[in-house]
Undergrad: 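My structure is below; once you've seen it, I'll send some questions.
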Amino acid sequence: MDTPATSRDADLLAPLTPPQREAVTHVDGPLLILAGPGSGKTRVVTHRIAYLLRRGIPARSIVALTFTNKAADEMKSRLASLAPQQSVWMGTFHRFCARLLRQYASLVGLAENYSIYDVADSREILKAAIEEEGIELTHVTPESIAHAISWAKNSLIGPDDYVPSRGRQIGGIVERVYPKYQKRLLAANAVDFDDLLMHVAALLKENPELRQQLDEKYRYILVDEYQDTNLAQYAIVRALSIDHPNLAVTGDPDQSIYGWRGANLSNILEFEKDFPNVKVVRLEQNYRSTKSILRIADELIEHNVRRKKKHLFTDNPEGDPVRLYAYPSQRDEAEHIAMMIAEAIRSGRRRPRDFAVFYRINALSRQFEQALREHVIPYQIVNGLEFYQRKEIKDVLAYLHLINNPRSEAAFLRIVNTPPRGIGKSTISRLQAHAAQHGVSLVDAARQAGIVPDINKKSAIAVARFVAMFDRVCLVAHAPVEEIVGTVLAESGYREVLENSEDEEDQERLANVEELLTDAREFDMRHPGDGQLEQFLEETALVADTDAWETESDKVSLMTMHAAKGLEFPIVFIVACEQGLLPHERSMQDEEKVEEERRLLFVGITRAQQELQLSYAQYRMFRGVLAPAIPSPFLMELPRQEMELSDSATARRTTPDWEESQLASGEEEKGDTSFDVAAFDDDYSQESPEPRRKKKAVTKVTGVVTAAELLAEQENGVKRTPPGMFKHGMHVTHPQYGAGQIVALSGEGPKRRASVRFGDGSERKFVLIHADLRPAGE
DNA sequence: TGTGAGTTGATTTTT
DNA sequence: TCAACTCACA
């Protein structure tokens, strides 16, 4: 098969560097491409597929597996321009498995019309399983049980093989709940996300002939983001590459950020051991970022131990120094960034789409949304309540799910009384009991509602009406999807309820439901012919939030660093680089997790092409409490001497600014943020130069004065309001700052502290027994 | 059975 | 902060 490259291939190979070319022209045998950020990985993969096709390998023998739909789409469109008319299967692991499972469902105890449950559906089933076992959750949450089960599935540990690790309370619970949960899923003819992988892995393991057949069918397999594969994915790919080990994987251990989802870094670190005669290609030249950005990234990631060393380099220009900014508060952070963006756009230097703001957790997006709105800058958020997660959409889809798979427990529970039709909680649990007792589905139990004990006549009639309605919509099960959705909306009364509602939100819901109709229509056009309901449901189940991101629109992008993987932007702001957030508090105990957090920041940094700013706030409101923030320890690992720091006083100081600012964050007695805003004087604080300058002066004094103030207070016999008097939301006055309102209280006794927001928008913390803070009007 | 007020409790990342 | 859950009442 391996014919050498010819001059015919010049168009394909000419634009490539030698290492890239080496990877592209590798045809048979395992191939490991270690691709640093911005090293042209997608280009290599697509060019290689085009090259394989030119060598006469049929398109149907090639499969490209990606992590996200977005990545698959990107690959598809790139390949389309290289090798038009050729349809190579590209998609996510989950989609690939869903498709296989459709075909071989019976081998794992499912019917081919199985449902794919999303996280919310799965959670409902899990709760039911927990209840069934009669477990009182005291120290564990359904969340943690779900995580343990997910972990087990990704590690290919079935419900009957689960052995709890000793000493952990949760283990025993999982051991009991996992089999019940799995039984329920099978009874409902449903799978969760993890099952898609686990079932297929089991399928391949237990059916050698089928494995061989599929190995033969998919002779050339490419896996993108290999560093993020888990054991199940590894097993699947491995099983399909025994007779034809033409497995090409690309990845970067330094960009592995899904350990919490079971990704196993060993998969890539030990690829060379797993597959003999591996061809290894390293792509280390970066075409994306400036030298200064790349150096920052490199220095940071050097602090990780568990990695393959590599040296990133670029021919790109040096570029501006990376900025490291400290802000007094999150509000200042958002405001300043929005202002810089607004300014760059107004001057015509930049367009909104040139900018991206990254944060660790979605909850941090609000400040930035608000600030961008105030500056009338268009933006898009990758996350939020994604379309298919909205209640009204899930409701309507649940009808479709139940039509497609009448055994689905989650779908039944969701719609049986949506919209309200007089079927209450007790009736439903009686139906559930009846279903469990007689081993029938909930729909069938509902059919027998008349004979179920304890269900009164009124309720039984309501249930009968529901069943009749369900049977009516089932009549159109094989119609085009748009027609099914239309019938559901009409027959269920869902549309009527929304139309007659006064609630404005319901009008929005109605619009969303109409949008779903449009979706269905588009789907029908793409899939002519009837009976496509199942495929429509599969598509909707496997789309992710990140897929909604619009590449083309001219907007500022807001997203988590996880969502940013695989993207690039001219200017990037990474915000809230604070301990507890980055690294996240749940990762701080474990050095391996800290390394993953470091990689996450590495991913964020390496998205930037021309400019990068890292920032943190000294006070942050989180979960409704204002607390001092400590800069992320990762920031201290960066070469700060070559970065632009926001604190202009730094140069004058002999002590490193760092320790001091940390100290300041912890020392509330100063009564101020002790933040040097001098660096902002030019652009930022112009809107209100007076309060700012005053604040700066105050900073210098209060730190020293607190004690003296206390002394003076004693001498003068000034009466302080007792700390106990202060209440949340109370209006207060301060001799220096004027009128304000208490936004948070913390601590007890002499340490009792209050956060006060003043008229100028600033927030300050006071130790109440020290500060001359009085209730307003006294 | 449905609704609304009030309380509590928990807060990451995503196919 | 905010969503989920409880509980009382219509």
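Chain naming here is simple, since letters A, B, ... match the order of the sequence lines and numbering starts at 1 in each.
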Undergrad: Any base atoms under 4.0 Å from A:Tyr258, or only sugar-phosphate, or nothing? Heavy atoms, all strands.
TA: sugar-phosphate
Undergrad: When you get a sec, tell me which of B:dT1, B:dT11, B:dT13 is the closest nucleotide to the side chain of A:Asn362?
TA: B:dT13
Undergrad: Starting from C1' on B:dT11, measure out to CG on A:Leu364 and report it in whole angstrom.
TA: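 My rounded result for the distance is 12 Å.
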Undergrad: Taking OP1 and OP2 of B:dT1, is either one under 4.0 Å from a side-chain nitrogen or oxygen of A:Ser459?
TA: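 It does, given that an N or O in the side chain of A:Ser459 lies less than 4.0 Å from OP1 or OP2 of B:dT1.
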Undergrad: Is A:Thr427 near enough to B:dT1 that one of its side-chain N or O atoms lies under 4.0 angstrom from OP1 or OP2?
TA: yes
Undergrad: With rounding to whole Å, what would you report as the distance between B:dT12 and C:dC5 at their P atoms?
TA: 16 Å
Undergrad: With rounding to the closest Å, how many angstrom separate the C1' atoms on B:dT13 and C:dA4?
TA: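 Approximately 22 Å lies between the C1' atom of B:dT13 and that of C:dA4.
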Undergrad: Tell me which residues in residues 582-597 of chain A put a heavy atom below 4.0 Å from DNA chain B, sorted by number, or none.
TA: A:His584, A:Arg586
Undergrad: Tell me, please, which residues at least two apart from A:Arg307 pass salt bridge (Lys or Arg N to Asp or Glu O under 4.0 Å).
TA: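 Residues passing salt bridge (Lys or Arg N to Asp or Glu O under 4.0 Å) with A:Arg307: A:Asp254, A:Glu302.
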Undergrad: Please state whether the phosphate of B:dT1, meaning OP1 or OP2, lies under 4.0 angstrom from any side-chain nitrogen or oxygen of A:Asn456.
TA: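 So the side-chain polar atoms of A:Asn456 never come under 4.0 Å of the phosphate oxygens OP1 or OP2 of B:dT1.
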Undergrad: For A:Val497, what residues pass the side chain to side chain contact (heavy atoms under 4.5 Å, CB included) criterion, not counting sequence neighbours?
TA: A:Pro419
Undergrad: What is the distance, rounded to the nearest whole Å, between atom CD1 of A:Ile428 and atom P of B:dT1?
TA: 9 Å
Undergrad: Would you find more than 12 non-hydrogen atoms of other residues, nucleotides or ligands less than 6.0 Å from A:Arg366 atom CZ?
TA: no
Undergrad: On DNA chain B, check which nucleotide each of A:Asp194 and A:Lys458 is closest to and give me the residue with the more 5' one.
TA: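 Taking each residue's closest nucleotide, the earlier one in sequence belongs to A:Lys458.
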Undergrad: In whole angstrom, give the distance that lies between atom CE of A:Met561 and atom C1' of B:dT12.
TA: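 Nearest whole value for this atom pair: 11 Å.
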Undergrad: Listed by chain and number, what are the side chain to side chain contact (heavy atoms under 4.5 Å, CB included) partners of A:Ala129, not counting sequence neighbours?
TA: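 So A:Ala129 forms a side chain to side chain contact (heavy atoms under 4.5 Å, CB included) with A:Val177, A:Lys180, A:Tyr181, A:Arg184.
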Undergrad: Can you measure A:Asp192 atom CG to B:dT14 atom C1' for me and round it to whole angstrom units?
TA: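 Roughly 13 Å, once rounded to whole Å.
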Undergrad: Would you mind classifying the nucleic acid contact of A:Asp118 as base, sugar-phosphate or nothing, using non-hydrogen atoms under 4.0 angstrom?
TA: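 No contact.
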Undergrad: The side chain of A:Glu143 lies closest to which of these nucleotides: B:dG2, B:dT14, B:dT11?
TA: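 Between B:dG2, B:dT14, B:dT11, the one nearest the side chain of A:Glu143 would be B:dT11.
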Undergrad: Using the test salt bridge (Lys or Arg N to Asp or Glu O under 4.0 Å), find all partners of A:Arg261 that sit at least two apart in sequence or belong to another chain.
TA: none
Undergrad: Kindly write out the residues that satisfy salt bridge (Lys or Arg N to Asp or Glu O under 4.0 Å) with A:Glu591, not counting sequence neighbours, or none if the list is empty.
TA: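 Salt bridge (Lys or Arg N to Asp or Glu O under 4.0 Å) check on A:Glu591 returns nothing, list empty.
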Undergrad: If you assign A:Ile423 and A:Leu600 each to the DNA chain B nucleotide with the nearest heavy atom, which residue ends up on the more 5' nucleotide?
TA: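 This one resolves to A:Ile423.
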Undergrad: Among B:dG2, B:dT15, B:dT14, which nucleotide has an atom closest to any side-chain atom of A:Pro420?
TA: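 Ranking B:dG2, B:dT15, B:dT14 by closest atom to the A:Pro420 side chain puts B:dG2 first.
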Undergrad: Below the 4.0 Å mark, does B:dT14 have OP1 or OP2 next to a side-chain nitrogen or oxygen of A:Thr68?
TA: no
Undergrad: Could you state the CG-C1' distance from A:Asn417 to B:dT3, rounded to the nearest angstrom?
TA: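 Value for this atom pair: 13 Å.
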Undergrad: Without decimals, in angstroms, what is the distance between A:Leu197 CG and B:dT15 P?
TA: 13 Å
Undergrad: Going by the angle between their ring planes, with limits at 30° and 60°, are A:Phe67 and A:Tyr258 parallel, tilted or perpendicular?
TA: tilted
Undergrad: Please determine, for the side chain of A:Ser426, which listed nucleotide (B:dG2, B:dT1, B:dT12) has the closest atom?
TA: B:dT1
Undergrad: Output all residues satisfying salt bridge (Lys or Arg N to Asp or Glu O under 4.0 Å) with A:Arg599, sequence neighbours left out; order by chain, then residue number.
TA: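 Expected list: A:Glu596.
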Undergrad: Is A:Arg360 touching bases, backbone alone, or none of the nucleic acid, heavy atoms closer than 4.0 Å?
TA: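 If one applies the 4.0 Å heavy-atom cut-off, A:Arg360 turns out to touch a base.
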Undergrad: Does A:Glu374 CD have over 12 foreign heavy atoms under 6.0 Å away?
TA: yes
Undergrad: Surrounding CD of A:Gln507 (heavy atoms of other residues, nucleotides or ligands, distance under 6.0 Å), is the total greater than 12?
TA: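 Above 12, so yes.
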Undergrad: Which residues satisfy the side chain to side chain contact (heavy atoms under 4.5 Å, CB included) test with A:Ile461, sequence neighbours excluded?
TA: A:Lys457, A:Arg465
Undergrad: Write down the distance between NE2 (A:His147) and P (B:dA10), rounded to a whole number of angstrom.
TA: 18 Å
Undergrad: When you check every protein heavy atom under 4.0 Å of nucleotides 1-10 of chain C, what one-letter string (B, S, -) results, 5' to 3'?
TA: BS--S-----
Undergrad: What is the distance from CZ of A:Arg95 to P of B:dT14, rounded to the nearest Å?
TA: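 Rounded to the whole Å, the gap is 18 Å.
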